[in-house]
Amino acid sequence: MNLVRMLAALPLALGIGLGLAGPAAGQTAEVKVGLIAPMSGPWARQGDLKLKGATLAIDRINAEGGIKALGGAKMRVIVFDAGDSVEKAKNAAQRMVAQEPDLVGAAGAWLSSFTLGVTEVTERAELPILTLSYADQITARGFKYVFQTSPVGGTQAKQALPALVKLAESATGRKPESVAIIMDNTAAPVSFVKPMREGGIAALGLKLVMDETFTPPLADCTSLIQKVRSSRPDLLLLLPTAIPDDKLCLEKLHEFGLGRGRVPVISNGAHIAAPDMLKNLGKDLLEGVMTIVANWSIKGQDAIVKEYTQKTGELWPTQETMSVAGAMLIFKEALEKAGSADRRKVAAAIRAMDTTAGPAKYFPGGRVKFDESGRRVGADVVVVQWQNGVPVTVYPTESAVAKPIWPKR
Amino acid sequence: VPGAAYWVTVDFFQALVAGLLVGGTYGLMCVGLGLIFGVMRVINFAHGDFMMLGMYAAYYLVTGLGVLVFLGPYAAPVVGAVLAGPIVFVIGWLVHRYLVSSVTGARVVTAEAEGHYAQIILTLGVALVLANGGLILFGSMPISVQTPLSRESWEIGPVFLNQARTVGFVLAVGFAIALYLLLTRSRLGKALRAAADNPIAAAYVGVDVDRAHSLAFGLGVGITAVAGGLLAMSQSFQPYIGIEFVIVMYAGVVLGGMGSILGAFWGGLTIGLVQQMSTLVLPHQLQNTAIFVVFLLIIFFRPRGMFGRVWERT
């Protein structure tokens, strides 16, 4: 046999070898969980953060002996790229259920519109999927295998503004009187602002002095911030969904002498509190900026945060990291309870779950229990504020790691 | 407290200034594409991705590798943007020499649609490779060249002139004029125009047509890379940013008039002005719609664009 043939035969021989060394029939050597998220295209960074969260949790689970109810089976995450469109995300979901029939569950798909498409596929395959996406519709279709760990968009909008007015009053002793809105016209800010426009702002005694919607991406923020300059609101709801637009607006506020608290800025979503912002803007321009998110590192998570930053080199975990890490722990808990790697039994275990330990530590509110529609009971908004170069949880009080600093005008 | 009339006036001048400054950078991007598409008549769908390379080149010179840190936070980003030009020129020259040259110049004179179909497919492929290669190489995190220039301004009364945009505007005008002079006054410029006008006749009089096309391609993407480097001071970017600008660039070149370098600059400038000033009367959501309404109006009344010439191969 010549050298080339020998080399060609090597993988085959290795394959056979590995096959012989595999588990005996009936034993589960590993359980596979899917992660479907954008790993390419403009949202690839969010997919990367989700993968880091999943890896963090799975490494912990495996280091602690894997799934004990399945004889110490190791957990493994299998990544599917949702790409940059709903169509690609749905195709990825179809590949996921076809190529990996032994998945016990999945997490994904970051963007609400992706999740809506992906869950159409996973529901038919009876594959339980945990999502941090916000859209109300995700769990309003009567699906049985979809579990939403975040407070839905409608709830966030109803909870957020009163919470912020309360924060402002407690910090300054003065109730804000006027509010301005700058938002892009994507799904998340539109659903976030809808209840506010439909009486939410007026009910709190606030006057809407500016309401501008733009189509992303922005080329320049001058005309928008010029309107803030002329209307001088007590609060600015700054609701773009992408870091480039955040940067343009915050730099322009600073340039026009309205930054660093002269007009308090409140955003929605984790993008404005991502480490990327610090690299793009520096800590001075971010000081005091608040954002409303579904999850963040909260009180009592110091060890997790330390492990994550040391392992990944990231500056801190984000909403994506914490939620997906929590999702992996929910699957672990469900597998232990179900004692089986059957996805239907795992789904039933998730439905029956009611815990304030284990995975619950990864979610604000500290409880994992899902209602009949699949929404997490007690899921509350989290307000995060940039303080000295780090975004820290300042609301709700029981989860807060720092007191809010209301910017001085 | 200033009244409503005061703010209306300030809003107008602020939008005018923003339009001019944003338009200046658009103008320089369009000048780069104007050389390749307008003058040499080569379709380059990867142009936005070469601009992205220029942004990353500036970033790595200033922030990533810190080569220019010694120049300080004000000069380094500007020098970085200018140096992005030669770096991307070399990349563009190589891409043309080994890939695009097979569908441009003398080889495609007799080909269907002068090789434009092949150019579209090839440069789309190059665009995909650059964007996805960029994702592998540079990562997905949005980054920018941090400088105080982007958050500080010069003030004329109540009107603010963003320093990064103003410096970018001045450099953009300078580069556009320099390229115009190069094309109209130098021997090299004549050779480039001859190679584009009639590749066979140009070859007969001793012009190396393939070399001229490679040079024009390199110069075109290099100039757009400078625009990208200047933009990188104000804007965060990731490897997929090219696609956001390529349509604006083509609109600018066509608006200004095919074959005219200064026309391409005016085209880009007009787009910036329309984009920013439309917000005075229209909702912000319609900024980009306004651009294409004005584009269609100008093309309707002046089909050759603002400075276009009747273009026919001799």
Side-chain angles (χ1 to χ4, degrees), chain A residues 38-49 81 84 182-185 211-227 229-232 242-248 250-260 271 274-282 284-285 314, chain B residues 2 4 6-8 10-11 14-15 17-19 21-23 25-26 63 131-132 135-136 139-146 148 150-153 158-160 162-165 231 234-241 243-245 248 271-272 275-280 283-289:
Chain A
M39 305 307 293
S40 62
W43 295 294
R45 168 76 175 148
Q46 276 70 26
D48 180 43
L49 289 171
D81 181 9
D84 57 0
I182 295 177
M183 59 178 274
D184 71 30
N185 55 6
D211 188 0
E212 292 289 341
T213 307
F214 67 88
T215 305
L218 276 173
D220 190 80
C221 204
T222 303
S223 52
L224 290 167
I225 302 304
Q226 174 60 26
K227 290 192 178 176
R229 187 182 167 205
S230 54
S231 60
R232 280 297 175 122
I243 286 171
D245 296 338
D246 292 332
K247 175 182 157 74
L248 283 172
L250 288 174
E251 283 201 328
K252 195 57 74 177
L253 274 170
H254 181 82
E255 183 191 332
F256 279 25
L258 304 169
R260 289 156 78 162
H271 53 96
D276 317 23
M277 284 299 289
L278 197 61
K279 290 186 180 162
N280 279 277
L281 276 157
D284 286 356
L285 263 68
E314 295 283 350
Chain B
Y6 170 84
W7 284 117
V8 168
V10 176
D11 285 355
Q14 197 64 66
V17 165
L21 300 185
V22 170
T25 318
Y26 282 172
T63 312
N132 290 294
L135 192 66
I136 295 167
S140 56
M141 186 189 283
I143 49 169
S144 57
V145 176
Q146 274 201 51
S150 65
R151 57 192 64 163
E152 288 173 7
S153 56
V159 177
F160 294 89
N162 182 278
Q163 293 185 358
R165 300 261 190 205
L231 195 66
S234 310
Q235 186 141 8
S236 303
F237 53 92
Q238 30 76 17
Y240 280 78
I241 195 163
I243 194 75
E244 286 174 22
F245 287 92
V248 167
I271 287 176
Q275 186 188 58
Q276 296 305 313
M277 297 197 72
S278 66
T279 59
L280 293 170
H284 276 84
Q285 289 186 78
L286 298 180
Q287 268 185 314
N288 290 336
T289 311

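Here is the naming used below: chain letters follow the sequence lines, and residue numbers restart at 1 for every chain.
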Practice item. Pick one of side chain, backbone, both or neither for A/L278, based on which atoms fall under 4.5 Å of a heavy atom in chain B. Key: backbone
Check your understanding: With a 4.5 Å heavy-atom cut-off, do A/Q226 and B/T279 have their side chains touching?
Key -> no
Revision key, fill the gap. Note: vs chain A, highest number of non-hydrogen pairs under 4.5 angstrom among B/A15, B/G139, B/S234, B/A131 is B/S234
Review point. How many angstroms lie between atom CD of B/Q275 and atom OG of A/S223, to the nearest 0.5 angstrom?
Key: 9.0 Å
Review point. Pick from A/L281, A/N280, A/L248: which one makes a side chain to side chain contact (heavy atoms under 4.5 Å, CB included) with B/S144?
Key: A/N280
**Study point:** Residue part contacting chain A, namely of B/V248, when any heavy atom lies under 4.5 Å
**Key:** neither
Practice item. For A/S40 and B/L135, work out which heavy atoms get closest and say how close. Key: CA-CD2, 3.7 Å
Exercise for review: State, yes or no, whether a side-chain contact exists between A/R229 and B/Q14 at a heavy-atom distance under 4.5 Å.
Suggested key: yes
Review point. Which atoms of A/M277 come close to chain B, meaning under 4.5 Å heavy atom to heavy atom: side chain ones, backbone ones, both, or neither?
Key: neither
Review point. For the candidates B/Y240, B/Y6, B/Y26, which exhibits the highest count of non-hydrogen atom pairs separated by less than 4.5 Å from chain A?
Key: B/Y240
**Study point:** Minimal non-hydrogen separation, A/A219 against B/Q276, with atom names
**Key:** CB-NE2, 4.3 Å
Revision key, fill the gap. For A/H254 and B/R151, the nearest pair of non-hydrogen atoms, with its separation, is CD2-O, 3.4 Å
Check your understanding: Rounded to the nearest 0.5 Å, how far apart are CG of A/D276 and CD1 of B/I143?
Key -> 10.5 Å
**Study point:** Per-residue contact mode, B/F245 against chain A (heavy atom under 4.5 angstrom)
**Key:** neither
Review point. Does any non-hydrogen side-chain atom of B/Q287 lie less than 4.5 Å from one of A/L218?
Key: yes
Review point. Roughly how far, to the nearest 0.5 Å, is NE2 of B/H284 from CD1 of A/I182?
Key: 8.0 Å
Point to revise | Contacting region of B/Q146 [heavy-atom separation from chain A under 4.5 Å] | key: side chain
Check your understanding: B/P158 versus chain A, heavy atoms under 4.5 Å apart: side chain, backbone, both or neither?
Key -> both
Exercise for review: Heavy-atom pairs under 4.5 Å with chain B are the metric here; pick the option from A/D246, A/N185, A/T222, A/L224 that has the most.
Suggested key: A/L224
Review point. In Å and rounded to the nearest 0.5 Å, what is the OG to NZ distance from B/S236 to A/K247?
Key: 5.0 Å
Review point. Is the count of non-hydrogen atoms from other residues, nucleotides or ligands lying under 6.0 Å from B/L280 atom CG greater than 12?
Key: yes
Check your understanding: To the nearest 0.5 Å, what is the distance between CD (B/Q235) and CG (A/D245)?
Key -> 8.0 Å
Practice item. Would you mind telling me which of A/I243, A/T213, A/D184 has the largest number of heavy-atom pairs within less than 4.5 Å of chain B? Key: A/T213
Revision key, fill the gap. Of all heavy-atom pairs linking B/N162 and A/E255, the shortest is ND2-OE1, 2.6 Å
